[in-house]
Amino acid sequence: MRTYEVRTYGCQMNVHDSERLSGLLEDAGYLRAAKDEQADVVVFNTCAVRENADNKLYGNLGHLAPVKAKHPGMQIAVGGCLAQKDRATITEKAPWVDVVFGTHNIGSLPALLDRARANDEAQVEILESLDVFPSTLPTRRESAYAAWVSVSVGCNNTCTFCIVPALRGKEKDRRPGEILAEVEALVAEGVSEITLLGQNVNAYGVEFGDRQAFSKLLRSCGGIDGLERVRFTSPHPAEFTDDVIEAMAETPNVMPSLHMPLQSGSDKVLRDMRRSYRQSKYLGIIERVRAAIPHAAITTDIIVGFPGETEDDFQATLDVVRAARFAGAFTFQYSKRPGTPAATLPDQIGPDVVKDRYQRLVAVADEVAWAENKALVGRQVELMVAEGEGRKDAATLRLSGRARDNRLVHFATTRDDVRPGDVVTTTVTYAAPHHLVADGEPVDVRRTRSGDAWEVRNTAPPIPVGVTLGMPSMGRPAERPAVGSPLQDCGSPGPA
């Protein structure tokens with residue numbers, strides 16, 4: 001029985017794909033390696049958006065070369081966006097890699113591993129268009145209570161700094177019935193929270209000509225019995241319409257949280273980025289969202305140091321951060337990527353200036369987020385108990401959960417029967433820029449079907465993997481996109 005390990009870099013789309021890779025390998029008879037065990041097959045699912053992605057991959061491959069030399073039969077596979085981009089160079093720089101596959105053919109991985117082993121030579125297969133929609137593939141979900149549901153893949157935008165459309169292709173939409181069927185199947189398995197996922201999620205429907213398809217999808221999710229929480233990421237301001245705001249406000253299980261990428265507050269920089277909105281339109285969206293959903297928590301993405309950005313341009317970004325009152329901001333220093341129009345623009349900003357602006361931006365964003373969090377001290381919040389999100393929980397004797405607005409809350413309880421997936425109502429006692437604390441005993445603990453599903457998963461004996469029926473399951477991992485690492489829209493410098 002051969003074992004495997006999947007290492008994921010990048011955004012939620014990559015995490016979604018990694019669940020499919022794990023499902024495919026288990027469907028082919030592989031067994032997931034234990035944490036302290038050297039896997040027979042190591043798969044890297046890569047990101048190509050940030051400049052250091054290349055160095056990180058090749059550094060990790062270098063560390064594995066002597067490990068592979070000591071383990072006859074071990075295989076290494078590289079997939080994802082960087083594989084799609086560097087198809088010809090990976091095996092040149094790391095000839096010990098056995099398989100290279102792209103974003104459009106993740107379903108080929110087991111066959112490519114078999115072929116590489118049989119032929120004793122590297123297999124490189126990169127398709128230029130989507131082979132099989134990833135959501136139809138077998139899946140090994142990391143969470144019993146929360147799941148990703150992909151509504152589309154690819155992107156039709158042409159942001160000058162973004163390489164994602166070149167790697168994942170034009171937008172391809174799933175039919176609404178397929179998406180809702182997947183959500184219903186997940187709820188039947190015990191999932192109570194889903195996140196609708198797309199590179200430009202609110203453009204959903206462009207392929208079949210329905211401009212209100214996404215708001216209709218949100219409302220349809222509201223009719224699924226047992227589905228308690230619905231989120232989505234990431235929308236694009238240029239295509240964010242009032243019907244989506246109305247659907248969010250009027251559908252009880254659509255959560256009051258919104259990730260709305262800004263990128264820059266300067267109209268000049270937005271124009272150079274080829275972002276088809278301006279500061280006034282962006283702030284207008286934020287104003288309308290807050291009017292319809294006063295308690296919404298809004299997060300964003302921001303780039304500093306884009307070519308040609310002046311100090312006045314940067315100050316315009318700080319002005320928007322203060323005006324929008326973001327609950328969290330994912331901030332990035334501009335990273336030049338070969339093959340993007342921005343890489344050849346004049347007036348590239350020096351690293352010292354970029355670093356200085358980045359530090360000032362983070363300080364203002366944290367100040368705003370902290371003030372927003374302080375306003376919640378003394379309020380009751382409903383949390384879905386999370387697994388693996390409180391890194392210091394063991395030391396602090398707390399558990400962690402996500403509020404309805406997606407804020408991370410570390411909470412105390414003397415009860416020993418609270419499980420991931422259960423719902424806790426408690427009172428906030430302390431605020432930090434990136435989390436809240438609730439140190440009093442919870443007002444209420446509601447045991448849920450999701451908690452039951454988590455308990456079954458963690459107490460039932462493991463299912464033999466040698467022979468399977470090949471029936472797919474579907475979903476997403478436990479970690480939530482909050483202050484830390486969201487799925488960026490296609491015009492983002494971070495993992496997308």
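Keep in mind that what you see is a predicted model, and the values were worked out from it rather than measured. Along the sequence shown, the residues carry numbers beginning at 1.
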Problem set entry | His236 ring center near Tyr277 ring center (under 6.0 Å) | yes
Exercise. Taking atom types as modelled, is there a side-chain donor on Arg7 or Asn60 under 3.5 Å from an acceptor on the other?
Worked result: no
Exercise. Stepwise, does the side chain to side chain donor-acceptor pair (under 3.5 Å) test hold for Thr8 with Asn14?
Worked result: CA-CA 7 Å; Thr8 308; Asn14 277 23; over 6 Å; no
Problem set entry | From CA spacing to verdict: side chain to side chain donor-acceptor pair (under 3.5 Å), Gln12, Thr233 | CA-CA 9 Å; Gln12 278 85 345; Thr233 192; over 6 Å; no
For this session: Would you indicate whether the side-chain heavy atoms of Ser264 and Gln279 approach each other to under 4.5 Å?
Result: no
For this session: Check whether the side chains of Glu387 and Ser143 place a donor and an acceptor atom closer than 3.5 Å, and report yes or no.
Result: no
Problem set entry | Between Asp444 and Thr425: side-chain donor-acceptor atoms closer than 3.5 Å | no
For this session: Flag the pair Ile349 / Pro307 as yes when at least one side-chain heavy-atom distance between them is below 4.5 Å, and no otherwise.
Result: no
Exercise. For residues Thr413 and Glu441, is any side-chain donor paired with an opposing acceptor at under 3.5 Å?
Worked result: yes
Problem set entry | Between His259 and Thr299: side-chain donor-acceptor atoms closer than 3.5 Å | yes
Exercise. Any Lys/Arg nitrogen of Glu5 or Arg32 sitting under 4.0 Å from an Asp/Glu carboxylate oxygen of the other?
Worked result: no
Exercise. Regarding Asp243 and Thr241, is there a side-chain donor-to-acceptor distance under 3.5 Å anywhere?
Worked result: yes
Seminar exercise, completed: Per side chain to side chain donor-acceptor pair (under 3.5 Å), Thr139 is matched among Glu19, Arg20, Glu26 by Arg20
For this session: Using only heavy-atom distances, determine whether the side chains of His435 and Asn373 contain a donor-acceptor pair under 3.5 Å.
Result: no
Exercise. Do you know the tightest heavy-atom contact between Pro256 and Ile293?
Worked result: CB-CG2, 3.7 Å
Exercise. With no hydrogens and no angle check, do the side chains of Tyr204 and Glu171 hold a donor and an acceptor under 3.5 Å apart?
Worked result: no
